[in-house]
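Contents: one structure, followed by commentary.
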Amino acid sequence: MLSTESAATIRATIPAVAGALDTITARFYDTMLGEHPELLDGLFNRGNQASGEQRRALAGSIAGFATALLEHPDERPDALLSRIAHKHVSLGITEDQYVIVHKYLFAAIADTLGEAATPDVVAAWDEVYWLMAGSLIAMEARLYQESGATGRDVWRPWRVADRSAQTPDTVSLTLEPRGDEPAPGFRPGQYVSVRVQLPDGLHQARQYSLSGWDGSRRRITVKRLRAGEHPAGEVSTLLHDSAAPGDTLMVSTPAGDVTLADGDHPLVLASAGIGCTPMVAMLQHLAEQGSTRPVLVLHADRGPEDHAHREEIAALVDRLPGATAHTWYENCQQGCPGDGAGGDHHPGRMDLGRVEVPEGAEVYLCGPLPFMRDVRAQFLRAGVPARSVRYEVFGPDLWLGADD
């Protein structure tokens, strides 16, 4: 995929470029958004811009792609690219925007590397960029075609039909499409972007798993992110505090590549906190199909009062003859009563030593990154191959390209 000449240059310069990528991407975003502030209106997450998570994710994806080209020159790193492509489709990214990104990214590379940015070096990294961009453009075109969208019409108005509290900080919103167009299909585990206008007039979009459905209706579950280790969530707070039946929300085409695989092999659904939402959709699908597959449902939370969809998950597990459930509550060191939760309950954090992971299982993970890093490592130690552990991350994926 990468020319022999460029591969040699990339191999020689990747340590220096990788070491400067945080500076490069910071300069890139500052310059591009300074000259194109409209990109912050509904496209870029300004919270992730302020925290630096967006630039770190971009740096990680570029470094990961370049490394993959060198280590596996005859393969395209589709797993890395697919996650990015699905996120782009959920936001309506179009091909022309890659040209804008290229302009500002390579200006930032030249400014940061100075004399080290020789014509040969720039040409080699330009080849890397367009190999990555070209692959993403092709993937996104296919995804748009499959969804019946073009990239410029991914947003549709949906009406809030119902609102129900899950926990003090979590609410479920049932949405129904406005207009005569049929609701787009989706696969269990996928998400949609929801775009809202904030009090200062700026539009922002966030991703939410589809946690349930009823005919053409779709349900999302929103957890309000309170200020603490991170700034308070602008969109989650707005939706939690004010979204009400009758309101209209702009919702994107469903996207996401961490979806329930067909077959009869065992499944493990492991989640923490609001990461249970894609698992609820997977369990609903299995229950509706009358599945007898072995399913191990694992969830970790602070306590029963924080456990969203607790009773619903228990009811779905009861409908599945091959399903068992285990729940860990961190704040219940002496054990918590499991009213309405079903399955076995344990104090502390998720510990796979308490369960038997079925042989040949496919594992799905969703939750905070520290949780997923820890539990994924536990699955690997338990003998589950890395290729059989799939994960979903909302927000910038700071895990892109990780092998272990």
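We find the CG-CG distance between Leu238 and Leu198 to be 6.0 Å, quoted to the nearest 0.5 Å. With rounding to the nearest 0.5 angstrom, the CG atom of Leu143 is 4.5 Å from the NE2 atom of His86. Here CD1 of Ile62 is found 7.0 Å from CD1 of Ile109. Values are rounded to the nearest 0.5 Å. Rounded to the nearest 0.5 Å, atoms OH (Tyr144) and OG1 (Thr150) are 8.0 Å apart. Summarising the geometry, atom CE belonging to Met350 is positioned 9.5 Å from atom CG belonging to Asp301; distances are rounded to the nearest 0.5 Å. Distance CG/Leu269 to CD1/Ile313: 9.5 Å, rounded to 0.5 Å.
Each salt bridge (charged side-chain N to carboxylate O under 4.0 Å, His left out) pair with one or both residues in residues 162-175, not counting sequence neighbours, appears once here: Asp169-Arg224, Asp169-Arg226. The stretch residues 280-302 participates, sequence neighbours left out, in these ring pair (Phe, Tyr, Trp, His ring centres under 6.0 Å) pairs: His299-His307. Residue pairs that meet the ring pair (Phe, Tyr, Trp, His ring centres under 6.0 Å) test with at least one member in residues 20-50, sequence neighbours left out, are Tyr29-Phe44, His36-Tyr104.
The 12-atom threshold is not exceeded at CG of Asp264, counting heavy atoms of other residues, nucleotides or ligands nearer than 6.0 Å.
Closest approach of Arg156 and Pro177 over heavy atoms only: NH2-CB, 3.6 Å. Nearest heavy atom pair, residue Arg76 against residue Ser135, reads CD-OG, 3.4 Å. Closest non-hydrogen pair, Leu21 versus Ala63, comes out as CD1-CB, 3.8 Å. Nearest heavy atom pair, residue Ser193 against residue Leu91, reads OG-CD2, 3.8 Å. In terms of heavy atoms, Ser211 sits closest to Thr221 at OG-OG1, 2.9 Å. Taking both residues in full, the closest heavy atoms of Gly275 and Met279 are given as O-CG, 3.9 Å, listed atom of the first, atom of the second, then distance.
Legend: residues meeting side chain to side chain donor-acceptor pair (under 3.5 Å) with Arg387, ordered by chain and number and at least two apart, are absent. Not a single salt bridge (charged side-chain N to carboxylate O under 4.0 Å, His left out) links Arg319 to another residue, sequence neighbours left out. Scored by the side chain to side chain donor-acceptor pair (under 3.5 Å) test, Glu95 finds no partners at all (sequence neighbours excluded). For Ser6, the side-chain contact (heavy atoms from CB on, under 4.5 Å) partners at least two apart in sequence or on another chain are Leu2, Ser3, Ala124, Glu127. By the side chain to side chain donor-acceptor pair (under 3.5 Å) test, Thr170 pairs with Thr167, sequence neighbours left out. Every residue was checked against the ring-ring contact (aromatic ring centres under 6.0 Å, His included) condition with Trp155, not counting sequence neighbours, and none meets it. Legend: residues meeting side chain to side chain donor-acceptor pair (under 3.5 Å) with Gln378, ordered by chain and number and at least two apart, are Asp374. Looking at residues two or more places apart in sequence or on another chain, you find a salt bridge (charged side-chain N to carboxylate O under 4.0 Å, His left out) between Arg46 and Asp200, Glu234.
When atom types are taken as modelled, the side chain of Gln190 and the backbone of Gly256 share a donor-acceptor pair closer than 3.5 angstrom. Using a distance-only test at 3.5 Å, with no hydrogens or angles considered, no donor-acceptor pair links the side chain of Gln49 to the main chain of Asp30. A donor-acceptor pair under 3.5 Å is absent between the side-chain atoms of Ser216 and the main chain of Ala183, judged by distance alone. Remark: the backbone N or O of Lys87 is paired with a side-chain donor or acceptor of Ser90 at under 3.5 angstrom. A donor-acceptor pair under 3.5 Å links the side-chain atoms of His240 to the main chain of Pro168, judged by distance alone. For Thr67 (side chain) and Gly64 (main-chain N/O), no donor-acceptor pair under 3.5 Å exists by modelled atom type.
Look at Asp262 and Arg187 and you find no salt bridge, because none of the NZ, NE, NH1 or NH2 atoms lies under 4.0 Å from a carboxylate O. Looking at Arg217 and Glu176, a side-chain N of the basic residue comes within less than 4.0 Å of a carboxylate O on the acidic one, giving a salt bridge. A salt bridge links Arg55 and Asp22; the closest N-O separation between the charged side-chain nitrogens and carboxylate oxygens is under 4.0 Å.
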Practice problem: Starting from the C-alpha separation in whole Å, work towards a yes-or-no answer on side chain to side chain contact (heavy atoms under 4.5 Å, CB included) for Val122 and Leu113. | Solution: CA-CA 10 Å; Val122 171; Leu113 297 184; over 6 Å; no

Practice problem: Go through His345 and Cys332 one step at a time and tell me if the side chain to side chain contact (heavy atoms under 4.5 Å, CB included) criterion holds. | Solution: CA-CA 10 Å; His345 300 83; Cys332 300; over 6 Å; no

Practice problem: Quick one: do Val222 and Val194 satisfy side chain to side chain contact (heavy atoms under 4.5 Å, CB included)? Show the steps, please. | Solution: CA-CA 11 Å; Val222 180; Val194 177; over 6 Å; no

Practice problem: Under the side chain to side chain contact (heavy atoms under 4.5 Å, CB included) rule, what do Met282 and Val295 come out as? Steps first, then yes or no, please. | Solution: CA-CA 11 Å; Met282 293 182 186; Val295 183; over 6 Å; no

Practice problem: Kindly indicate, with the supporting measurements, whether the criterion salt bridge (Lys or Arg N to Asp or Glu O under 4.0 Å) is fulfilled by Glu330 and Arg349. | Solution: CA-CA 5 Å; Glu330 187 174 356; Arg349 299 185 177 185; 3.2 Å; yes

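Inter-residue side-chain proximity for Tyr329 and Thr327 is flagged as met; some heavy-atom pair is nearer than 4.5 Å. At least one side-chain heavy atom of Val196 sits under 4.5 Å from a side-chain heavy atom of Leu239. Under the 4.5 Å side-chain criterion, counting only non-hydrogen atoms from C-beta, Tyr208 is not in contact with Leu173. Looking at Leu81 and Phe65, their side chains come closer than 4.5 Å, going by heavy atoms from C-beta outward. Side-chain contact between Ile93 and Leu136 is absent, with no heavy-atom pair separated by less than 4.5 Å. In this structure, Gln54 and Thr25 have side chains that are not in contact, with every pair of non-hydrogen atoms separated by 4.5 Å or more. Between Leu175 and Trp213 the shortest side-chain heavy-atom distance does not fall below 4.5 Å. Side-chain contact between Ile10 and Leu70 is present, with heavy atoms from C-beta onward closer than 4.5 Å.
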Per-pair distances, 0.1 Å, donor-acceptor, side chain in residues 352-370, under 3.5 Å, sequence neighbours excluded:
unit_1: Glu362; atom_1: OE1; unit_2: His265; atom_2: NE2; d: 2.9
unit_1: Tyr364; atom_1: OH; unit_2: Thr259; atom_2: O; d: 3.2
unit_1: Tyr364; atom_1: OH; unit_2: Ala261; atom_2: N; d: 3.0

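Side-chain contact check for Asp96 and Thr94: at least one donor-acceptor pair (N or O, by modelled atom type) lies under 3.5 Å. Checked by atom type, the side-chain pair Thr9/Asp120 shows no donor-acceptor distance below 3.5 Å.
Among the candidates His203, Arg195, Glu38, Gln97, the single residue satisfying the side-chain contact (heavy atoms from CB on, under 4.5 Å) test with Leu43 is Gln97.
Note that Arg83 lies in the cation-pi zone of Tyr391, set by a 6.0 Å cut-off to the ring centre and a 45° limit from the axis.
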